[in-house]
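Written out below as structure tokens is the structure these notes cover.
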Amino acid sequence: MAEVKEFTLPDLGEGLTEAEVVRWLVEVGEVVAVDQPVVEVETAKAMVEVPCPYGGVVTARYGAEGEELAVGAPLLTVAVGADASAPAAAEGSGSGGADGVVAEADGADAAEDGGAGETSGAVLVGYGTGAPPARRRRVRPTPVPAAAAGQVNGVASGYGRHAVTPEVPVRAEAAEPGPGPVPVISPLVRRLARQNGVELRMLTGSGPDGLILRADVERAIGAAGAPAAAAEPSAAAASAPAADAGEVRIPLRGLRGVVADKMSRSRREIPEATCWVDVDATELLAARRAMNAAGGPDAPKISLLALLARICTAALARYPELNARVDTEAREIVRLERVHVGFAAQTDRGLVVPVVRDAHARSAESLSEELGRLTGAARDGSLTPGELTGSTFTLNNYGVFGVDGSTPIINHPEAAMLGVGRIVPKPWVYEGELAVRQVTQLSLTFDHRVCDGGVAGGFLRYVADCVEQPAVLLRGV
């Protein structure tokens, strides 16, 4: 007899308490293997594919796409055991109890995919890995006695929310294949297209190799006269007062909500101050060109952001007061030995801060490689929660937006953030004569509880000296 097991939304780590269902990867009645991804969710920090710790037949799903679920809420139920591939395993297909399922044999039964008591391993917090993933199989309907069907349906319907089930039974016949894979990477782009009825196969991507970008989908939406995608109103929003004409309400949830909460807390708790200086970056740009030329045409290029990160780690070694945080409850300043540099990155999901671990132990080349990897992961939404937390100092290159200066909000609970403006040719007195040099503005926002202006000014001046004369770094080599 098959046993129906409930799989709840696991703890995704980093204190996350909820996630939004982006896309279901399995259907009710489908046979799944141990550790097979069954749903794609979006947390406040990253897109995550959630693997199921059981192998068997999916009997019910909970939560529609776009719905937020709390950690511990039911995700789906799975019929596991020796009879999971038999009609009895399909008793709770979730479509009303009238249809059962029979797995199509691949030389092994469903018990091999995950028998009773078979669970997965350290894939997510609280789960472990048992058997390797097996081949994914589809199922077809087969009649079963109504009494048997009600047995599992009673399990599936005994929760506070309604199970999300298909209107028609899942059949073994596969859908007609399309002309080929759709050239789109970002799950957010797919979701935007789904919400607005845009057929991705009809679009021509403007990205590299025809990659479909969010801008391509938005253009298609505008051409069709469709409104921009908006989050579905929640129950709380439904009970809110009606908006005035022309008023748009955007829920502060997900990543946007986390950013809002964190910035509010930073301004509420941290007495911040900002100092800035104009810097001649001509020599730094020349040093970067020399480094990349010395590496040869096939060697990875060193980015300007990597050089700035390397300069910051050297400055933090001289001024460790700024690599710290304040423990408000204990009323203590906590100085940190390791430097984990975060850098602000603008993505389709909003502003994120990927973290380069142990930046103080990396060379400029290693920093450049890791910065490039994290930037790519940020753009396609594949950053893990661990790659978005734990920074001790943040580097913010707002020059990419074409602006010169800023007074950024500190990334709580850090003690400082260095901002870098655009580098532009300007008149500059160089060696006693007026010349055109590549000038940028550096700004340092710091927590006035961890240090006074002398330390902050010394840090910023050292960074400026290294930018103007990169050879200054050689003293510490």
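Model, not experiment: these values are computed from the prediction. When a residue number appears, it is its place in the shown sequence, counting from 1.
- The line from CG of Leu75 to OG1 of Thr8 is 7.0 Å long, rounded to the nearest 0.5 Å.
- Contacts of Thr375 classified as side-chain hydrogen bond (donor to acceptor under 3.5 Å, both in side chains), with partners at least two apart in sequence or in another chain: none.
- At least one donor-acceptor pair closer than 3.5 Å links the side chain of Arg362 to the backbone N or O of Arg357.
- Side-chain contact check for Thr394 and Glu414: at least one donor-acceptor pair (N or O, by modelled atom type) lies under 3.5 Å.
- Screening Glu269, Arg325, Arg268, Lys262 for a side chain to side chain donor-acceptor pair (under 3.5 Å) with His412, the sole residue that qualifies is Glu269.
- A salt bridge between Arg61 and Glu27 is present, with a side-chain N of the basic residue lying under 4.0 Å from a carboxylate O of the acidic one.
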> Can Thr77 and Val58 be said to form a side chain to side chain contact (heavy atoms under 4.5 Å, CB included), step by step?
Replying inline: CA-CA 6 Å; Thr77 54; Val58 177; over 6 Å; no

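- Listed by chain and number, the residues in a side-chain hydrogen bond (donor to acceptor under 3.5 Å, both in side chains) with Glu370 are Arg373 (sequence neighbours excluded).
- Residues Leu9 and Ala70 approach most closely at CD2-O, 3.6 Å, considering heavy atoms.
- Checking side-chain atoms of Thr389 against main-chain N and O of Pro385 turns up a donor-acceptor pair under 3.5 Å.
- Taking 4.0 Å as the cut-off between side-chain N and carboxylate O, Glu272 and Arg267 count as a salt-bridged pair.
- Partners of Thr274 by side-chain hydrogen bond (donor to acceptor under 3.5 Å, both in side chains), not counting sequence neighbours, listed by chain and number: Thr445.
- Shortest non-hydrogen contact noted between Val32 and Val26 is CG1-CG1, 3.6 Å.
- A pairwise comparison of heavy atoms in Leu374 and Pro354 identifies CB-CB, 3.9 Å as the closest pair.
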